[in-house]
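Read through the structure below, which is laid out as structure tokens, and then see the notes.
The shown structure was predicted, so the numbers you read here are calculated from the model rather than taken from an experiment.
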Amino acid sequence: MAAQIQYADVEVGTELPAASFPVSRATLVRYAGASGDFNPIHWNEKFAKEVGLPDVIAHGMFTMAEAIRVVTDWVGDPGAVVEYGVRFTKPVVVPNDDEGALIEVTAKVAVKMDDNRVRVDLTAMSAGQKVLGMSRAVVQLG
């Protein structure tokens, strides 16, 4: 695959389509199985509260992966992401109800770089709080 977005068609400030990603307890159990991360703070409410958390929280790497989907969906090729990093600022708290949590992600082109690359800055929110800080991806465009 190759990036479907052309460098010449992108300007600083270009906003990527926003997306929302629902997270349920079942989602966390599936992710734990796939990742091998069975830390009880991600599935055991009693344990999470005993260690001072408000409830079960989503895996940080899961949250990070959901956020970058905004970029990979926009560019059309996951391989076009050449760098990606975040700081975890707040946990995504996932209540045990019919709704769970929602990760809401927006992104925009912050810098046009050399070699048809752009830096995209992402904002990931859940329950009105920023859950990822310094969330940035460098993307190789066509």
Task: Distance (rounded to the nearest 0.5 Å) between T63 OG1 and K90 NZ - done: 14.5 Å
Open item on the list: Using the rule given for side chain to side chain contact (heavy atoms under 4.5 Å, CB included), can you reason through V23 versus L28, listing the C-alpha separation, both sets of side-chain angles and the distance that settles it, and then say yes or no?
Closed with: CA-CA 7 Å; V23 186; L28 299 181; 3.8 Å; yes
Task: Distance (rounded to the nearest 0.5 Å) between Q140 CD and M113 CE - done: 10.0 Å
- [ ] Write down the atom of V111, the atom of V12, and the distance for their closest heavy-atom approach.
- [x] CA-CG2, 4.2 Å
TODO: Look at the side-chain heavy atoms of Ile, Leu, Val, Met, Phe, Trp and Tyr, link any pair under 4.5 Å apart, and say whether V93 and F21 land in one connected group.
DONE: no
TODO: Look at the aromatic rings of H42 and H59 and report parallel, tilted or perpendicular, splitting at 30° and 60°.
DONE: parallel
Open item on the list: Quick test of your reading: applying side chain to side chain donor-acceptor pair (under 3.5 Å), list the pairs with at least one residue in residues 64-82, sequence neighbours left out, ordered by first then second residue.
Closed with: E66-R69
Open item on the list: Membership question, hydrophobic clusters at under 4.5 Å side-chain separation (ILVMFWY): are F47 and I57 in the same one?
Closed with: yes
- [ ] Please report the shortest heavy-atom distance between A124 and V105, naming the atom on each side.
- [x] CB-CG2, 4.3 Å
Task: Heavy-atom closest pair, residues G60 and F88 - done: O-CE2, 3.2 Å
Open item on the list: I need the minimum non-hydrogen distance between V51 and I41, along with the two atoms involved.
Closed with: CG2-CG2, 3.9 Å
Task: Pairs where residues 43-56 contributes a residue and the test salt bridge (Lys or Arg N to Asp or Glu O under 4.0 Å) is met, not counting sequence neighbours - done: R25-E45, R25-D55, E45-K49, K46-E50
- [ ] Kindly compute the distance separating CD1 (I103) from CG (L132), expressed to the nearest 0.5 Å.
- [x] 8.0 Å
TODO: Evaluate the side-chain proximity of V120 to Y84: yes if any heavy-atom separation is below 4.5 Å, no if none is.
DONE: no
Task: Gap separating the CE atom of M125 from the OG1 atom of T123, nearest 0.5 angstrom - done: 8.0 Å
Task: Distance-minimising heavy-atom pair for F38 and A32 - done: CZ-O, 3.4 Å
Task: Closest non-hydrogen atom pair between L141 and I5, with its separation - done: CB-O, 3.5 Å
Task: Cluster overlap V81 with L122, hydrophobic side-chain contacts below 4.5 Å - done: yes
Open item on the list: Run the side chain to side chain contact (heavy atoms under 4.5 Å, CB included) test on W43 and V94 for me, step by step, so that the C-alpha distance in whole Å, both residues' side-chain angles and the decisive distance to 0.1 Å come before the verdict.
Closed with: CA-CA 9 Å; W43 57 270; V94 183; over 6 Å; no
- [ ] Answer with yes or no whether the hydrophobic clustering places V70 together with M61; edges join I, L, V, M, F, W, Y residues whose side-chain heavy atoms lie under 4.5 Å apart.
- [x] yes
TODO: Would you give the length of the straight line joining atom CG of L102 to atom OG of S24, rounded to the nearest 0.5 angstrom?
DONE: 12.0 Å
TODO: Check whether any side-chain heavy atom of T27 lies under 4.5 Å from a side-chain heavy atom of F62, and answer yes or no.
DONE: yes
Task: Test log, rule side chain to side chain contact (heavy atoms under 4.5 Å, CB included), inputs L16 and V109 - done: CA-CA 8 Å; L16 284 60; V109 175; 4.3 Å; yes
Open item on the list: Strictly by salt bridge (Lys or Arg N to Asp or Glu O under 4.0 Å), give each pair with a member in residues 117-135 just once, sequence neighbours left out.
Closed with: R119-D121, D121-R136
